[in-house]
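Right, one structure below, let's go through it.
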Amino acid sequence: MVAFVGLLALRAPAHKVMTGTLGPILGYLMLAAGADVIVGAMDPLSKMIEKGFHITGVIPNNEAVVATAQDILGVETMSILIVGLVVNLLIARITRYKYIFLTGHHSFFMACLLSAVLGALGFKGAMLVATGGFFLGAWSSISPAIGQKYTLKVTDGDDIAMGHFGSVGYYISAWIGGLVGKGSKSTEDIQVSEKFGFLRNTTISTALIMIIFYLVSAIAAGSDFVMTLSGGQSPYLFAIISALKFAVGVAIVYAGVRMILQDLLPAFQGIAEKIIPNAVPAVDCAVFFPYAQTAVIIGFISSFAAGLVGMAILGAVGGVLIIPGLVPHFFCGATAGVYGNATGGRRGAIVGSFVNGLAITFLPAWLLPVLGNLGFANATFGDFDFGTIGILLGRVGGTFGQMGIWLLVAFTVLVLFLPSILRPSKRAINNVEFEGEEK
């Protein structure tokens, strides 16, 4: 729809409208298909890790919470989603937050979280939908702006923004990279001997790394258990093929991203020029993977290691064990690695994604009691922003009641409109060049 409206606004010929609209559609379908392959390949790996290393606990999974919530909050969630999308467009039109959030499934997840938390605080009917829709639209506009200066470093000035509700974790990773990575070379400059040159092929290197993960987990779980997952296939062959499927999923994601950017960004100029001047598209985290493909792998491994450390800490203090979910640690950890690398090279990628991995271990643990009170026991969201927003609303509302939520609404309105009042500009706030000069 964004590409179609943008091309119409540019008065493009009919054939360009058709191809320019189909390109992003196919690209997003490829991205979704790749993500499905990755998630499907990770499911047996999670089970093998849980069985082989005798770990029991909660695996953060956005989809699991949403699936449970739909029986209770289906109407509220969809209503908040629609209102939130409208609020996001209105904010982009009348304020300096010109970011249009295009990652629909994450908007849906956040709508679910907001309906659950606000409903537990006594909001009902139109008031629930209006309040939840406002918070969804506001955060969809504000979150890309917070770290846009880092996003421009990642993309080398390409005019896109982060449209993913793990965003604050990525920005923290970039900030940490700037602290620890002075003089550290980029992950993409890693020198590899000619005989190991094949490792520069991201699909090949991903496959080899994941084969090791899968085989170790399969050996730990035992062949009898793996046979229950493989449907009778040789357990170790099953592990290797699952690892290769994971690598194929990553390759599909990359191909989909290229199709999205090829057609979406030029079409978006129509919206930026005609409908919402200077609008900036906020896109899914996977769109940023091709900018630093080695950092993707480093970020995933470092984030997963942090998840193991965080799980051990939670176990030592008697907390609920948060088993590292491979989906959030891959997508969020990889993106944190890309952002950490942009500001701090290899050290930034490793340390930044490690900190992000700790955050997406502890935040789901702290969010769990809030969701448990709502009837979602043993289920929690996995990404950074869901944890912070859910905990903030839950704690403020639990302490001060609905009055606390209204104060947060008033504060958010101030954040949205004060920059436009103090410094009127047609440019999106924080949409600066990576050297620090405003565009």
Side-chain angles (χ1 to χ4, degrees), residues 1-37 81-108 137 140-141 144-145 148 151-152 154-164 249-291 293 425-434 438-439:
M1 287 298 296
V2 170
F4 178 72
V5 172
L7 290 167
L8 288 180
L10 287 173
R11 298 183 180 180
H15 69 281
K16 288 190 176 180
V17 173
M18 180 188 68
T19 57
T21 301
L22 280 176
I25 290 174
L26 294 172
Y28 268 105
L29 288 174
M30 289 178 68
L31 194 155
D36 287 343
V37 172
L81 175 63
I82 294 169
V83 173
L85 295 174
V86 173
V87 170
N88 179 213
L89 293 174
L90 289 174
I91 290 171
R93 185 69 179 88
I94 64 179
T95 76
R96 288 189 62 203
Y97 292 90
K98 301 294 184 184
Y99 303 95
I100 299 180
F101 198 92
L102 299 179
T103 310
H105 67 287
H106 258 231
S107 297
F108 178 65
S140 297
S141 303
Q148 182 64 359
T151 302
L152 288 168
V154 169
T155 65
D156 199 27
D158 284 354
D159 212 6
I160 58 175
M162 174 56 67
H164 192 266
V250 174
I252 296 172
V253 167
Y254 285 154
V257 166
R258 284 191 289 270
M259 287 197 70
I260 293 169
L261 294 181
Q262 179 179 344
D263 290 307
L264 179 61
L265 295 185
F268 200 87
Q269 293 174 3
I271 290 178
E273 294 175 7
K274 305 291 184 179
I275 301 172
I276 302 176
N278 300 297
V280 181
V283 294
D284 198 357
C285 67
V287 172
F288 299 89
F289 288 1
Y291 288 103
Q293 297 183 20
S425 173
K426 295 181 180 180
R427 295 292 183 185
I429 188 170
N430 289 340
N431 198 39
V432 294
E433 291 284 11
F434 54 90
E438 184 167 4
K439 297 182 74 173

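In what follows, residues are counted from 1 in the order of the sequence shown.
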Gap between atom OG1 of T21 and atom CG of L8 - 0.5 Å precision = 7.5 Å

Where is the tightest heavy-atom contact between K16 and L7, given as atom of each residue plus distance?
-> O-CD1, 3.6 Å

Any donor-acceptor pair under 3.5 Å linking the side chain of T103 with the backbone of G163?
-> yes

With sequence neighbours left out, write down each residue that passes side-chain contact (heavy atoms from CB on, under 4.5 Å) with L26, or none if nothing qualifies.
-> M259

Non-hydrogen atoms of L85 and S107 that approach each other most closely = CD2-OG, 4.3 Å

What one should report as the nearest heavy-atom pair of G256 and M30 is CA-CB, 3.7 Å

Is there a side-chain contact between T151 and F288 (heavy atoms, below 4.5 Å)?
-> yes

4.5 Å side-chain heavy-atom contact, H105 and D284 | yes

Across all chains, not counting sequence neighbours, the side-chain contact (heavy atoms from CB on, under 4.5 Å) partners of A92 are I100, I276

Could you tell me which non-hydrogen atom of A282 sits nearest to which non-hydrogen atom of M162, and how far apart they are?
-> CB-O, 3.8 Å

Can you list the residues that meet the side-chain contact (heavy atoms from CB on, under 4.5 Å) rule with S141, with sequence neighbours excluded?
-> N88, I91, Y97

Inter-residue atom distance N278.CG - Y99.OH, 0.5 Å rounding = 10.5 Å

Closest non-hydrogen contact found for Q148 with A161 is OE1-CB, 3.3 Å

